[in-house]
Amino acid sequence: RFLEQFSDLAQSLVVPRDAGQATSLASYQLDVLRDKNRELNRRLHELFANAEENERLVQRTHRLTLTLMRQRSAADTLRAMVASLREDFDGELVRVVWFTPVPGLDEAQDWLITIAPDAAALSPFAPFMAKGEALCGRLQPEKMDLLFGGAQGEVGSVALLPLGSVGMLAVGSRDGSRFYPGMGTLFLRLMSEALVAAMARFDDAD
């Protein structure tokens with residue numbers, strides 16, 4: 001029982017493996033080492049799985065960036081972004097909030113919300129926009145109403161991304177645990193920054 005409470009001490013003991021009571025102590029040491037070895041193997045497999053998933057995300061994010069840069073208009077760029085989020089990143093409910101009208105797009109797009117930056121409906125988002133960081137988890141009802149309207153009942157969790165001074169990007173999931181506070185948002189941030197950079201080309205052209 002003493003060695004069960006102080007397993008590190010059990011590992012540090014040097015006991016000859018011969019007959020007698022000491023044999024059981026050596027066996028106990030081996031059992032402790034086997035348990036630790038199994039735990040280390042489990043963690044190693046988790047690291048490999050995470051590395052493989054991150055590699056896939058890097059590849060998809062890179063393809064998305066190249067796709068955005070190949071588009072010839074602001075409208076096509078936003079369409080490409082939404083299509084990639086839906087098809088390549090399993091974004092179930094995608095919403096783009098844009099603060100100025102986009103030539104070639106209208107409100108008939110179920111994913112596009114065009115709204116003036118000083119609109120009262122945007123006031124709940126003011127702290128989020130001022131902070132400029134991704135927000136993940138469940139959002140307040142007034143935010144959900146603007147982003148998803150009548151479809152908000154289908155949304156279990158949301159990743160909300162700032163798009164500089166030009167808008168916001170929301171990705172909703174029916175899975176309540178997919179997006180959660182404190183999760184890593186590096187790839188989401190990279191995608192939103194790629195979109196802002198791609199769209200800025202057309203502002204410069206204008």
Side-chain angles (χ1 to χ4, degrees), residues 61 64-65 67-69 71 73-86 88-206:
T61 303
L64 169 62
T65 301
T67 297
L68 295 177
M69 292 304 174
Q71 304 309 308
S73 70
D76 288 343
T77 301
L78 288 183
R79 290 191 189 100
M81 182 72 181
V82 173
S84 180
L85 288 173
R86 287 174 172 172
D88 300 328
F89 295 92
D90 300 321
E92 297 170 272
L93 296 128
V94 180
R95 296 292 185 271
V96 177
V97 179
W98 209 254
F99 296 154
T100 57
V102 179
L105 292 177
D106 55 42
E107 290 297 332
Q109 312 292 329
D110 62 349
W111 48 265
L112 178 64
I113 302 167
T114 304
I115 185 170
D118 57 353
L122 286 175
S123 58
F125 296 91
F128 161 75
M129 293 298 294
K131 193 172 184 180
E133 296 179 2
L135 179 64
C136 296
R138 298 183 64 86
L139 303 182
Q140 297 168 328
E142 56 268 29
K143 293 187 177 76
M144 294 291 288
D145 186 54
L146 173 68
L147 295 172
F148 300 103
Q152 61 182 290
E154 304 175 36
V155 182
S157 60
V158 181
L160 182 62
L161 312 172
L163 298 176
S165 61
V166 295
M168 301 180 292
L169 177 66
V171 183
S173 174
R174 293 179 176 85
D175 182 355
S177 61
R178 180 174 180 186
F179 302 114
Y180 54 89
M183 69 177 288
T185 58
L186 172 62
F187 291 104
L188 292 171
R189 181 171 57 82
L190 292 177
M191 288 186 284
S192 64
E193 289 177 356
L195 176 60
V196 171
M199 291 293 286
R201 297 175 302 155
F202 306 109
D203 291 338
D204 294 340
D206 295 339

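In what follows, every heavy atom counts, from backbone to side chain, and hydrogens, waters and symmetry copies are set aside. Please read all numbers here as calculations on a predicted model, not as lab measurements.
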If you look at every heavy atom in [X] and [Y], which pair is closest and at what distance?
X    : Y    : value
F179 : V171 : CE1-O, 3.4 Å
L146 : A121 : CD2-O, 4.0 Å
C136 : Y180 : CB-O, 3.5 Å
L135 : L139 : CD2-CD2, 3.7 Å
S157 : G176 : CB-O, 3.6 Å
V94  : G91  : CG2-O, 3.9 Å

| query | What do the steps show when you test L195 against S192 for side chain to side chain contact (heavy atoms under 4.5 Å, CB included), and what is the final call? | reply | CA-CA 5 Å; L195 176 60; S192 64; 5.6 Å; no
Ignoring hydrogens and angles, tell me if any N or O in the side chain of [X] forms a donor-acceptor pair with the backbone of [Y] under 3.5 Å.
X    : Y    : result
S84  : A80  : no
Q109 : L105 : no
R95  : L147 : yes
R138 : G156 : yes
T185 : L188 : no
Q71  : L68  : no

Could you tell me whether the side chain of [Y] reaches within less than 4.5 Å of the side chain of [X], counting heavy atoms only?
X    : Y    : value
L190 : T65  : no
F99  : T114 : no
F125 : Q140 : no
M199 : W98  : yes
I115 : V97  : yes

| Derivation and outcome, side chain to side chain contact (heavy atoms under 4.5 Å, CB included), residues V166 and T100 | CA-CA 8 Å; V166 295; T100 57; over 6 Å; no
[X] side, atom [atom1]; [Y] side, atom [atom2] - distance, nearest 0.5 Å:
X    : Y    : atom1 : atom2 : answer
L78  : L169 : CG    : CG    : 9.5 Å
M144 : L160 : CE    : CG    : 10.5 Å
L64  : M81  : CG    : CE    : 5.0 Å
T77  : F202 : OG1   : CZ    : 4.0 Å
R189 : E133 : CZ    : CD    : 9.5 Å

| side chain to side chain contact (heavy atoms under 4.5 Å, CB included) between I113 and V96: does it pass, once the steps are laid out? | CA-CA 6 Å; I113 302 167; V96 177; over 6 Å; no
| query | Name the one of L161, L85, V196 that satisfies side chain to side chain contact (heavy atoms under 4.5 Å, CB included) with M191? | reply | L85
| task | Apply side-chain hydrogen bond (donor to acceptor under 3.5 Å, both in side chains) to the pair S173 and D175, showing each step before the final yes or no. | result | CA-CA 5 Å; S173 174; D175 182 355; 5.2 Å; no
| said: Go through it in stages, so that I can follow the logic: the residues are K143 and F148, the test is side chain to side chain contact (heavy atoms under 4.5 Å, CB included), and I'd like the CA-CA distance, side-chain angles, deciding distance and then a yes or no. | reply: CA-CA 9 Å; K143 293 187 177 76; F148 300 103; over 6 Å; no
| task | Taking only Lys NZ, Arg NE, NH1 and NH2, and the carboxylate oxygens of Asp or Glu, determine whether R86 and D110 approach each other closer than 4.0 Å. | result | yes
| query | For R178, which residues count as a side chain to side chain donor-acceptor pair (under 3.5 Å) partner, sequence neighbours excluded? | reply | none
